[in-house]
2 protein chains.
Amino acid sequence: MDIAARLLAENGPQALSTRRIAAEADSSTMTVYTHFGGMSGLVREMVREGFARLQERLTSVRATSDPVADMALLGRAYRFNALANPHLYAVMFGGSSLAGFSLSEEDRQHGRYTLGNVAECAERCLASGRFRPGDAILVAHQMWMAVHGLVTLELGGYLIPPYDADACVEEQLVGLMVSAGDAWEAATESVARSRERIDEI
Amino acid sequence: MDIAARLLAENGPQALSTRRIAAEADSSTMTVYTHFGGMSGLVREMVREGFARLQERLTSVRATSDPVADMALLGRAYRFNALANPHLYAVMFGGSSLAGFSLSEEDRQHGRYTLGNVAECAERCLASGRFRPGDAILVAHQMWMAVHGLVTLELGGYLIPPYDADACVEEQLVGLMVSAGDAWEAATESVARSRERIDEI
DNA sequence: ATTATTGCATAACAGCGATATGTATTAACC
DNA sequence: GGTTAATACATATCGCTGTTATGCAATAAT
């Protein structure tokens, strides 16, 4: 797993081959089959590893008395994790296009579980009265979708240069909080507060 | 191209092979090289085809006196196009993980050009006073990111069943309009109005 | 001490993208 | 119209991929 993760991170998706892994591990291609049941099993395990890293990063965001700032920091953490592991992130969400690999329902369940941290934070935002009354999981979904879209386009290089993600992400976060019901000024302030907690993540 | 598009749509990404295309066209693998310069050239052309279809679908949204409803309909059109061509959509945005293929800056420029329809609509939303004064292209980007994130997670199967995309997309659209500055009630009404124009797209 | 199981190396198979070479067919030109 | 150049394509081949069957050595179980 370590070797596979390193190969993926350093040399991209096409370096994930049984032979390269075997060469790096000074063994044969059979190791991949005895331990993972084949290439798709290894990819599956890589996806789990990717979600584990994401969850670890999200968990590093501690709850404070400003839940909206916590939520904004969760968004930043999500993006940071994706930028730190771009190839792994691509496999997690675009891996379906890899050789005959498709996620099982269990994998998706594991992926959705990662949303738990966000949902719990959304709960606190709703409880604080700053978000319009609604469903916490739905709010968490909207946060996920928006940040995921931002990150995907950023990694794909589709953001027009003067409006690159670094300049975009704060406005995106403020917009998210406003769309969830928060007031514009309060959201702006909370997002700014989250900026100063970047060292948390 | 027709054969490649059909193979991709019917049998997924791994059916995009020189040999299968050659067999389907009753010729040899060389045809792919003479006409596209190789597999990556064909993928590149498929990406252009994908953006062409997307733009065609977006162009079918006509401008009315309710620019916010037009914008919501653009969002629906974007999603419909992705659901109608899921594999093609995956190649457009996740194709980097395909065998040694990477988008050129020209391809990205062509992709961004598709945003023109959305930007023009954002301009009208801003001019109508319903959106908070700001940059039209930035607004268009935020629309793109949000809907793209929704569609990506939907195609990946990551949306929790009771909150699947069909139930999610309207709230998402309303949230987008609100985050851009529109009033909640007006946004809800415009999104509802866009629902009745679905036959346009 | 014997047996069963496991882990891994070797070799091979089918399929992939890509290339070199040869051959028809077509286009251009005088 | 005849000659030449260029293009399109087929064949065969190379190196690579995932995968499987076979066999051997080491370990675990009885």
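Remember, it's a predicted structure, so these values are computed and weren't measured experimentally. Labels below follow one simple rule: chain letters A, B, ... track the order of the sequence lines, proteins then strands, and each chain is numbered from 1.
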Looking at D:dT20, C:dG17, D:dC9, which one has an atom nearest to any side-chain atom of B:T34?
D:dC9

Rounded to whole Å, how long is the line connecting atom CZ of A:F36 with atom P of D:dT20?
17 Å

Closest of D:dA10, C:dG17, C:dC8 to the A:T31 side chain is C:dC8

Taking the minimum atom-to-atom distance to the side chain of A:M30, which one of C:dA12, C:dA9, D:dA10 wins?
C:dA9

To the nearest Å, give me how far apart CG (A:D26) and P (C:dC8) are.
13 Å

With the threshold set at 4.0 Å, does a side-chain nitrogen-carboxylate oxygen contact exist between A:R108 and A:E105?
yes

If you check every side-chain atom of B:R20, which of C:dA18, C:dC16, D:dG18 has the closest atom?
C:dC16

Let's see if you can work this out: which of C:dA18, C:dC8, D:dT19 has an atom nearest to the side-chain heavy atoms of A:H35?
C:dC8

Using atom CZ of A:R19 as one end and atom P of D:dG15 as the other, report the distance to the nearest whole Å.
14 Å

Output the distance between atom CG (B:L176) and atom CD (B:Q142), rounded to the nearest 0.5 Å.
8.0 Å

No-hydrogen, no-angle side-chain donor-acceptor test under 3.5 Å, B:R130 and B:S190:
yes

With a non-hydrogen cut-off below 4.0 angstrom, is B:S28 in contact with a base, only sugar-phosphate, or nothing?
base

Taking the six-membered ring for Trp, are B:H110 and B:F51 parallel (under 30°), tilted (30 to 60°) or perpendicular (over 60°)?
perpendicular

Rounded to the nearest 0.5 Å, what's the gap from CD1 on A:I21 to OG on A:S28? Could you check?
12.0 Å

Of the candidates C:dG17, D:dT20, D:dT17, the side chain of A:S17 sits closest to D:dT17

Atom-pair distance (CD on A:Q14; P on C:dA18), nearest Å
11 Å

Here the distance between atom C1' of D:dT17 and atom CG of A:L42, to the nearest Å, is 15 Å

Examine D:dT19: is either OP1 or OP2 under 4.0 Å from a nitrogen or oxygen in the side chain of A:Y33? Give yes or no.
yes

Whole Å only: how far is the CG atom of B:L7 from the P atom of C:dC16?
11 Å

d(CG, A:L16; P, D:dC16) in whole Å:
18 Å

Can you tell which of C:dA9, C:dG17, D:dT19 lies closest to the side chain of A:T29?
D:dT19

